[in-house]
Amino acid sequence: MTKIQMVTPLVEMDGDEMTRILWKMIKEELLLPYIDLKTEYYDLGLEHRNETDDQVTIDSAEATKKYGVAVKCATITPNAARMTEYHLKEMWKSPNGTIRAILDGTVFRTPIIVKGIEPCVKNWEKPITLARHAYGDVYKNAEIKIPGAGTAELVFTAEDGTVTKELIHTFKGAGILQGIHNTNASISSFAHACFQYALDTKQDLWFATKDTISKKYDHTFKDIFQEIYDAEYAKQFATEGIEYFYTLIDDAVARVMKAKGGFIWACKNYDGDVMSDMVSSAFGSLAMMTSVLVSPSGVYEYEAAHGTVQRHYYKHLQGEETSTNSVATIFAWTGALKKRGELDKIEELVTFAEKLEQATLKTIESGKMTKDLALITSLKDVTVLNSEDFIKAIRATYEDMNV
């Protein structure tokens, strides 16, 4: 069989723990037999990040800018325990956060819908995509513990020395303070990425904050979105027959629960962090959720929405059998291959990726699945497969489809 030829490489970012094991299996069983796979490889495993003082993460993001499409395995964001476990020089930052900052990207997370795994919210018929702003707010905060009585002020000193002050609170006793920020440039990039992704996927776009309470901070988000939409996207949205609207975050939550799905819900950083987990859990499993980082310049980085599956990795190291769900990681590869095929006009590559997704879903719908799905499926008499056998079953389904 002639392998599908690629022209431009994907940026391949390898990762950690159980997802690293699955990564290798997916390549060997589902990709390399069918594609002359071209990648520029970066090892983002924690040990190699430590060896390179995290330069490898920066290099992988710069390569993504160069080639336009990347696929990333889940990676460890170290805490104190990981410092000891991996003998780290320092507590390296989240690779995802570093890559997001360099690419100026917005994260879009979408549930993978499969028959037999019904959403907890019964009226959800189509996926709900969460668009999460990936800069600032509480994730770039400054915090102080207040020991006792005193006055807290917000102070800004301009380049010309002009000082602006705002009273925060007069403390009568101990308390806490938090300062957060964002930039107009980052909010604008977020807005452009959301509008472009909505046009690309032909879906309605919702945006929600709490501007009635936060009359300057959140209201700035609302204003920038509306200004950019009116100036650059309103006509395109009308042509495509899709809608953009703004509402309060609490109203959006109420609407989402009664909606049928099939739209993009844009949220500020923290809201998007929380709501994407809520949506993925309600649709079935975080292991069944795709994640793509999109920059306003048209750069794409695909990954699974979940972590490194640490508990299964420790079982694997002890020689125990695991039943780890690889669907989101498979869809990270297929998403990247489809985009690479679209950009390079390689129809065969796009078709292959689409068929591999179909084979993955068809395998589950035939009753062959990993343990996490077996616990929540409505299908009867299912077969629970281990990590490797599930991937092999997908290969068998793919080959049956292409006989």
Side-chain angles (χ1 to χ4, degrees), residues 68-69 100 103-113 121 123-135 182-212 214 217-269 271-272 275-276 279 283 289-302 335 338-339 342-343 350 354:
V69 185
R100 283 196 297 260
L103 298 184
D104 191 22
T106 294
V107 178
F108 295 88
R109 289 184 168 176
T110 308
I112 299 164
I113 305 297
V121 183
N123 46 280
W124 286 359
E125 298 172 1
K126 298 176 183 178
I128 296 168
T129 297
L130 259 294
R132 175 187 170 189
H133 187 209
Y135 176 79
N182 224 294
T183 69
N184 285 14
S186 179
I187 299 165
S188 296
S189 292
F190 175 40
H192 281 294
C194 289
F195 291 129
Q196 289 167 13
Y197 197 77
L199 287 167
D200 192 33
T201 59
K202 294 179 173 52
Q203 295 183 90
D204 290 346
L205 173 65
W206 302 11
F207 179 51
T209 69
K210 193 70 173 175
D211 67 287
T212 51
S214 178
Y217 198 102
D218 280 22
H219 215 297
T220 298
F221 277 82
K222 176 187 177 181
D223 291 343
I224 288 174
F225 261 73
Q226 195 63 51
E227 288 162 10
I228 289 173
Y229 176 72
D230 291 342
E232 300 185 45
Y233 294 101
K235 289 181 181 177
Q236 295 178 68
F237 269 56
T239 300
E240 294 294 344
I242 57 177
E243 180 186 10
Y244 165 69
F245 74 89
Y246 172 85
T247 188
L248 291 171
I249 186 69
D250 39 348
D251 179 54
V253 170
R255 286 183 184 227
V256 162
M257 299 312 288
K258 295 178 181 178
K260 291 186 178 181
F263 56 87
I264 300 163
W265 181 12
C267 294
K268 286 170 56 193
N269 210 344
D271 295 339
M275 292 304 171
S276 63
V279 167
F283 267 103
M289 196 168 202
T290 63
S291 182
V292 56
L293 179 71
V294 182
S295 78
S297 61
V299 172
Y300 297 79
E301 182 247 304
Y302 295 82
K338 273 193 286 187
K339 182 55 67 176
E342 288 169 11
L343 294 176
V350 175
E354 289 172 344

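Everything numeric here is computed off the predicted structure, so don't read it as measured data.
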Exercise. In terms of ring plane angle, is the pair Phe225 and Tyr244 parallel, tilted or perpendicular, where the classes change at 30° and 60°?
Worked result: parallel
Exercise. Can you find a side-chain donor-acceptor pair between His133 and Ser186 that sits under 3.5 Å?
Worked result: yes
Problem set entry | Lys268 to Phe221 six-membered ring, cation-pi geometry met (6.0 Å, 45°) | yes
Seminar exercise, completed: One should read off an interatomic distance between Ser291 OG and Glu301 CD, to the nearest 0.5 angstrom, of 7.5 Å
Exercise. Between Ile242 and Leu205, is any pair of side-chain heavy atoms under 4.5 Å apart?
Worked result: no
Exercise. Can you check side-chain contact (heavy atoms from CB on, under 4.5 Å) on Asn182 and Tyr217, steps first, answer last?
Worked result: CA-CA 8 Å; Asn182 224 294; Tyr217 198 102; 3.7 Å; yes
Problem set entry | Stepwise side-chain hydrogen bond (donor to acceptor under 3.5 Å, both in side chains) check, Thr209 with Tyr246 | CA-CA 8 Å; Thr209 69; Tyr246 172 85; 2.7 Å; yes
Exercise. Is there a donor-acceptor pair closer than 3.5 Å between any side-chain N or O of Asp218 and the backbone N or O of Lys210?
Worked result: yes
For this session: Quick one: closest heavy-atom pair of Ala252 and Trp265, and the distance?
Result: CB-NE1, 3.8 Å
Exercise. Taking atom types as modelled, is there a side-chain donor on Thr183 or Tyr135 under 3.5 Å from an acceptor on the other?
Worked result: no
Exercise. Got a donor-acceptor contact below 3.5 angstrom from the Thr247 side chain to the Asp251 backbone?
Worked result: no
Exercise. Are the side chains of Val299 and Val294 in touch, meaning some heavy atoms are under 4.5 Å apart?
Worked result: no
For this session: State the CZ-SG distance between Phe207 and Cys194, to the nearest 0.5 angstrom.
Result: 7.5 Å
For this session: Measure from the side-chain N and O atoms of Trp124 to the backbone N and O of Val256, and report whether any donor-acceptor pair falls under 3.5 Å.
Result: yes
For this session: With sequence neighbours left out, write down each residue that passes ring pair (Phe, Tyr, Trp, His ring centres under 6.0 Å) with Phe237, or none if nothing qualifies.
Result: Phe195, Tyr229
For this session: Search all heavy atoms of Ala131 against all heavy atoms of Phe108 and return the closest pair with its distance.
Result: CB-CE2, 3.4 Å
Exercise. Can you name the closest pair of heavy atoms from Phe283 and Pro111 and give their distance?
Worked result: CD1-CG, 3.3 Å
Exercise. Between CZ of Phe263 and CZ of Arg255, what distance do you get to the nearest 0.5 Å?
Worked result: 10.0 Å
Seminar exercise, completed: Looking only at heavy atoms, the pair that brings Ile264 and Ala198 closest together is CD1-CA, 3.5 Å
Problem set entry | Minimal non-hydrogen separation, Val350 against Glu342, with atom names | CG2-N, 3.6 Å
Problem set entry | Side-chain donor or acceptor of Gln236 paired with backbone N/O of Glu232 under 3.5 Å | yes
Exercise. Roughly how far, to the nearest 0.5 Å, is CD1 of Ile128 from NZ of Lys260?
Worked result: 13.0 Å
Problem set entry | Side-chain heavy-atom pair Glu354, Lys338 within 4.5 angstrom cut-off | yes
Seminar exercise, completed: Rounded to the nearest 0.5 Å, the NE2 atom of His219 sits from the CG atom of Asp211 at a distance of 4.5 Å
Exercise. For the atom pair OG1 (Thr106) and CG (Asn269), what is the distance rounded to the nearest 0.5 Å?
Worked result: 10.0 Å
Exercise. Considering only heavy atoms from C-beta outward, does the side chain of Ile112 approach that of Met289 to under 4.5 Å?
Worked result: no
Problem set entry | Taking every non-hydrogen atom, the tightest pair across Ser276 and Arg109 | OG-NH1, 3.5 Å
Exercise. When you check the side-chain N and O atoms of Ser189 and Asp104, is any donor under 3.5 Å from an acceptor?
Worked result: yes
Problem set entry | Under 3.5 Å donor-acceptor, Asn123 side chain and Ala259 backbone | yes
Problem set entry | Side-chain donor or acceptor of Thr129 paired with backbone N/O of Thr110 under 3.5 Å | no
Exercise. Distance-only, no hydrogens or angles: does the Arg100 side chain make a donor-acceptor pair with backbone N or O of Gly105 under 3.5 Å?
Worked result: no
Exercise. Does the side chain of Leu199 reach to within under 4.5 Å of the side chain of Glu240, using non-hydrogen atoms?
Worked result: yes
Exercise. Does a side chain donor of either Tyr233 or Gln196 reach within less than 3.5 Å of an acceptor in the other side chain?
Worked result: yes
For this session: Side-chain contact test, heavy atoms from C-beta onward, threshold under 4.5 Å: evaluate it for Val253 versus Met275 and give yes or no.
Result: yes
